[in-house]
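See below for the structure under consideration.
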Amino acid sequence: MTNAMDRETVPDPQNPLGFDGIEFIEFATSRPQALGGVLETMGFRPIARHRSREVELYRQGAMNIIVNAQPADVPRTAQPVEHPVISAIAVRVRDADHAFRRALDLGAWEIPVRARAMELNIPAIHGVGESLIYFVDRYDKFSIYDVDFNAIPTVDPHPPAMNGLHFFGVVQYVGADRTADWVEFYSRIFGFTALPNKVRFGIMPKGLLLQSPCRNFYLQLIEPDENARFAPMEENLQRIGLGTPDVVAAVATLEKRGVEFVTSEQVHSSDRGALTKASLGSVMFELVKSDPTDQAVAK
Amino acid sequence: MNYSDFGMDTASLAGSLESKLAAIRQAGFSQVMISATEVVGHPQGTQAAIRAIRDSGLRVTGFEALHDFEGLDGQLHAYKVAVAKSMLSVCHDIDGRLVLVEASTSTHADTDPAKIARDLAKLAVLAVPLGIRIAYKGLSWSRTAKDFRVAADIVFRANCPNLGLAIDAFDVLASGVPLDDLDAVDPEQIFLVQLSDYMWQEIRSTEEATATATHFRVFPGEGAHSDALAGFVTRLDAIGYYGDYSFDVYNDDYLQMPPDVVAARALRAAEWLGETVLRRALPVPNIERLRRPAIS
């Protein structure tokens with residue numbers, strides 16, 4: 001007997017875009033070499049350079065990080081300054097054009113096309129602050145980097161991940177009383193769902209957690225402390241969370257490479273998580289206990 | 001005395017944007033509702049207007065007004081989305097956190113509540129990255145939402161946290177909506193209340209309503225409906241509204257008077273509402289006393 005569901009593709013109502021994790025996370029900085037140094041201590045390797053822009057690709061396991069030093073040419077996007085900022089997240093979806101058009105229909109702001117001749121036009125919308133969100137659908141058989149980037153010769157294009165590190169999530173700082181607005185934004189456009197308060201990962205428990213429709217990426221929305229609620233609103237992507245099955249082992253590996261971790265009474269490394277000290281004034285990584293195979297099962 | 005809940009509207013005053021802001025500030029107000037035309041029509045350009053507002057020390061109550069946005073299709077919809085994006089951007093530039101949207105009067109607008117809710121939800125999502133809230137206001141001559149009751153239904157249907165209501169006392173008074181209907185509105189859903197009165201007892205036609213609304217409004221306490229207005233404000237207070245009140249007084253005579261004189265009248269309205277109506281609350285004071293309020 002044939003199951004009726006086998007005859008046609010019925011989209012998962014929880015995942016209308018076929019959201020499938022993160023393709024890359026981008027930093028903007030006017031000091032790409034300095035940031036590159038920080039990324040290398042975290043286990044990332046430079047593997048390619050953009051053909052026409054001052055942009056480099058770093059990789060570790062399944063994680064891609066782009067370092068962008070090209071002056072911004074679109075309003076409300078991050079201008080590279082000394083302190084690196086997380087300037088974009090690229091999400092993997094089933095059909096980038098469909099996901100992009102659907103987002104615009106729902107009220108996203110589009111970014112003008114910037115691709116030059118023979119470069120990929122990767123559709124993007126405005127995210128929080130000056131950040132962008134890209135939609136990528138070529139990550140399986142083809143790679144977007146094959147088109148726009150030149151590989152750095154003699155470098156292994158697929159450096160393995162240390163201690164099973166993988167993208168776990170991103171922490172987003174939001175303004176006072178703005179959590180609900182951002183929940184609305186991410187749930188309408190991408191299908192993220194808010195997790196109940198009792199679900200917590202890692203050692204930084206503040207704010208509200210949003211889970212991606214593919215269930216292996218999280219956004220953590222954090223409002224200002226009571227005494228900072230009346231300061232001018234600042235919203236941005238604050239840090240990247242990296243998952244690892246064994247936080248203690250990962251901390252040991254990274255410490256040997258020169259990475260320093262926060263050790264205070266409230267925040268210190270444990271088997272649940274750890275937080276690196278800020279480098280270059282703004283770059284922090286959070287480690288979170290997470291097993292990618294568990295997450296695949298959870299799907 | 002603290003009148004920080006009350007603000008003026010630049011459209012009530014004559015003169016340059018700078019002199020309006022100065023008059024509002026000097027009268028003792030801490031917030032101002034900005035008309036889009038004030039910013040983009042500034043003789044030294046939009047950037048000069050943005051600087052003037054940021055330097056004024058006044059908080060921006062909101063930015064007004066987006067018209068005829070909802071219920072359109074195809075090219076018209078795309079055109080209005082572009083207009084809305086421009087207004088949101090300017091609002092963001094002047095550190096505004098609220099855009100006022102007036103219910104559509106366009107004959108091209110579809111009046112299906114589901115479609116209207118969808119369009120307003122889209123507008124609300126557009127406003128999220130800029131930190132802006134959308135306040136949707138029913139208008140008695142609108143085709144999509146004739147009063148706050150209909151507007152509240154649509155806002156409820158759209159179900160966006162940054163989409164709420166603006167309630168204009170003029171519309172409530174002029175169309176005789178019962179105050180009891182305010183009890184059905186979630187106070188958290190009300191983002192802005194606009195207050196004004198007018199001089200005649202009743203309005204007989206839609207034409208008269210639009211003419212009165214755009215040319216003959218006066219400040220609260222100056223018109224013929226002080227009791228009703230006081231009742232409106234005390235009811236809002238009773239249901240738990242604690243947001244801003246803006247005087248949306250459009251009056252041709254006031255545009256022929258010095259801004260500081262008009263701003264002083266606005267302050268008397270704020271004093272009456274703040275001290276007499278809200279603080280000492282009830283019973284509603286008699287008209288004679290309202291016309292000669294104690295100036296402290």
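In what follows, every chain begins at residue 1, and chains take the letters A, B, ... in the order their sequences are listed. Atoms considered below: every heavy atom in the structure, side chains included; atoms not considered: hydrogens, waters and symmetry mates.
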May I ask you to test the [X]-[Y] pair for a side-chain heavy-atom distance under 4.5 Å?
| X | Y | value |
| --- | --- | --- |
| A/Trp182 | B/Pro129 | yes |
| A/Trp109 | B/Ser89 | yes |
| A/Arg76 | B/Leu130 | yes |
| A/Arg188 | B/Val125 | yes |

Proximal component of B/Leu163, with respect to chain A [non-hydrogen, under 4.5 Å] | neither
Structural part of B/Arg97 lying under 4.5 Å from a heavy atom of chain A | side chain
Locate the shortest heavy-atom distance separating A/Glu110 from B/Lys85; write the atom from each residue and the value.
-> N-NZ, 4.3 Å
May I ask you to check whether over 12 heavy atoms, not counting those of [X], lie within 6.0 Å of atom [atom1]?
| X | atom1 | value |
| --- | --- | --- |
| A/Arg101 | CZ | no |
| A/Gln70 | CD | yes |
| A/Arg138 | CZ | no |

Let me know if A/Ala180 has heavy atoms under 4.5 Å from chain B in its side chain, its backbone, both or neither.
-> both
Would you give the length of the straight line joining atom CG of A/Asp181 to atom CD1 of B/Ile132, rounded to the nearest 0.5 angstrom?
-> 11.0 Å
In Å, rounded to the nearest 0.5 Å, how long is the span from CG of B/Leu126 to CZ of A/Phe185?
-> 9.5 Å
Out of A/Val183, A/Ile125, A/Asp105, A/Val128, which one racks up the most heavy-atom pairs below 4.5 Å with chain B?
-> A/Asp105
Chain B shares the most heavy-atom pairs under 4.5 Å, among A/Gly129, A/Gly127, A/Gly107, with A/Gly107
Against chain A, work out which of B/Asn159, B/Leu123, B/Asp95 has the most heavy-atom pairs shorter than 4.5 Å and name it.
-> B/Asn159
